[in-house]
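Please read the structure below before turning to the comments.
In this chain, residues are counted from 1 in sequence order.
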Amino acid sequence: DTFKEGVKLIRIGEPEKGLEKLREVIRAEPDNQAAFDLVLRTNVEVFQMMLAMDGEYAKIAQSILSSARLGRIELSRDEDQIRALVLTALTADEFEERDAANRALAGEHGEFAVPVLVEALGDPNLDGEIDYAMISLFKIGHAAVLPLIEATKSSNEQTRMLAAAALVHIEDSRAGIAFARLINDPSDPVRDVAKTGMESLGMAPGTDQIQIAVKQSQDYLATTGIRDGHYSEVVWSWRDDRLKPTDVPAPLYQLELAKRRAHEALRIDPTTTHL
């Protein structure tokens, strides 16, 4: 309410009084979630106006937006909320309920919903729910690709197969590294899915996994390996048979991805001369 009052005063030609109200907001030290809620409830034009005014107005806008961004990150990682949404997406009787849960998973949590969905993929006690888990992953789309690539390293054959199948459906060239690795999987069903994935990406059956890793590393260094809007502040690993995120500074995101693909090539063949 104080923020709204400040904005109103600015708009009716009393910017100094409005600025004092905005100062009250900052002095109240709103936490990141409160800032995020404020930004959600405020027309983007308000912050554009404040930023254009420069000076203290712009500084206050930047402070609120920075806190809101952190609040958005905190919300996106809320595992309890993710698990509640996944439960609805997998078990609700009504399509509308499942669809609403999937929209929330994709829009509010994105890649952070993938670990819980991957758990469902490998659960031998689930049946029809697995189909719904796959639909949830399809809804998340390209944001799910990097964690799904890591999930194809699972010791669980069913997880590897279904994670690969989800990648086939999403149709993202970054999955080529997973398909090239899985084409040599000990499981026939996993190899079949990997073959389908390679064909869908136009990859020859004998495509060298090392060359793919090196090419992706180079693409990441050139930033061409990252789709617009798909920058993140975490990278994913498969450790202890589960997906785990590692925080990275946003400006170093593509460099970390490039490093990981280069390391992958070296793990396959420490003597490779492609790098």
Q: Check the pair Lys139 / Leu105 against side chain to side chain contact (heavy atoms under 4.5 Å, CB included), numbers first and verdict last.
A: CA-CA 8 Å; Lys139 295 286 187 181; Leu105 286 170; over 6 Å; no

Do the side chains of [X] and [Y] get close enough for a salt bridge, i.e. N-O under 4.0 angstrom?
{"X": "Glu56", "Y": "Arg23", "value": "yes"}
{"X": "Arg77", "Y": "Asp247", "value": "yes"}
{"X": "Glu157", "Y": "Arg160", "value": "no"}
{"X": "Lys17", "Y": "Glu20", "value": "no"}
{"X": "Glu150", "Y": "Arg260", "value": "no"}
{"X": "Glu94", "Y": "Arg98", "value": "no"}

Q | side chain to side chain contact (heavy atoms under 4.5 Å, CB included) between Val193 and Val168, intermediate numbers included | A | CA-CA 8 Å; Val193 174; Val168 172; 4.0 Å; yes

Q) How close do Ala89 and Asn102 get, heavy atom to heavy atom, and via which atoms? A)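 Smallest interatomic distance, heavy atoms only, reads CB-OD1, 3.5 Å.
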
Q.
Show, in sequence, the C-alpha distance, side-chain angles and deciding distance for Asp240 and Lys244, and conclude whether the salt bridge (Lys or Arg N to Asp or Glu O under 4.0 Å) test is met.
A. CA-CA 9 Å; Asp240 302 323; Lys244 294 185 179 180; 2.8 Å; yes

Would a 4.5 Å heavy-atom cut-off, applied to side chains only, mark [X] and [Y] as touching?
{"X": "Met49", "Y": "Arg11", "value": "yes"}
{"X": "Ile130", "Y": "Asp123", "value": "no"}
{"X": "Leu257", "Y": "Leu146", "value": "yes"}

Spell out, as yes or no, whether a donor-acceptor pair under 3.5 Å connects the side chain of [X] to the backbone of [Y].
{"X": "Ser217", "Y": "Ala258", "answer": "yes"}
{"X": "Glu24", "Y": "Thr2", "answer": "no"}
{"X": "Ser67", "Y": "Ser63", "answer": "yes"}
{"X": "Tyr57", "Y": "Pro15", "answer": "yes"}
{"X": "Thr159", "Y": "Ser155", "answer": "no"}
{"X": "Glu129", "Y": "Asp127", "answer": "yes"}
{"X": "Arg261", "Y": "Ala213", "answer": "no"}
{"X": "Ser154", "Y": "Asn156", "answer": "yes"}
{"X": "His109", "Y": "Ile82", "answer": "no"}
{"X": "Asp269", "Y": "Ile210", "answer": "no"}

Q: Show the numbers, then the answer: is there a ring pair (Phe, Tyr, Trp, His ring centres under 6.0 Å) between Phe3 and Phe47?
A: CA-CA 11 Å; Phe3 181 81; Phe47 288 101; 5.7 Å; yes

**Q.** Steps toward salt bridge (Lys or Arg N to Asp or Glu O under 4.0 Å) verdict (Glu14, Lys21)
**A.** CA-CA 11 Å; Glu14 299 186 55; Lys21 290 293 182 182; over 6 Å; no

Q. Are Ser232 and Glu111 linked by a side-chain donor-acceptor pair shorter than 3.5 Å?
A.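 Per modelled atom types, Ser232 and Glu111 side chains form a pair under 3.5 Å.
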
Q: Can you establish whether the number of heavy atoms outside Arg242 located under 6.0 Å from its atom CZ is more than 12?
A: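 It does not: Arg242 CZ has 12 such atoms or fewer within range.
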
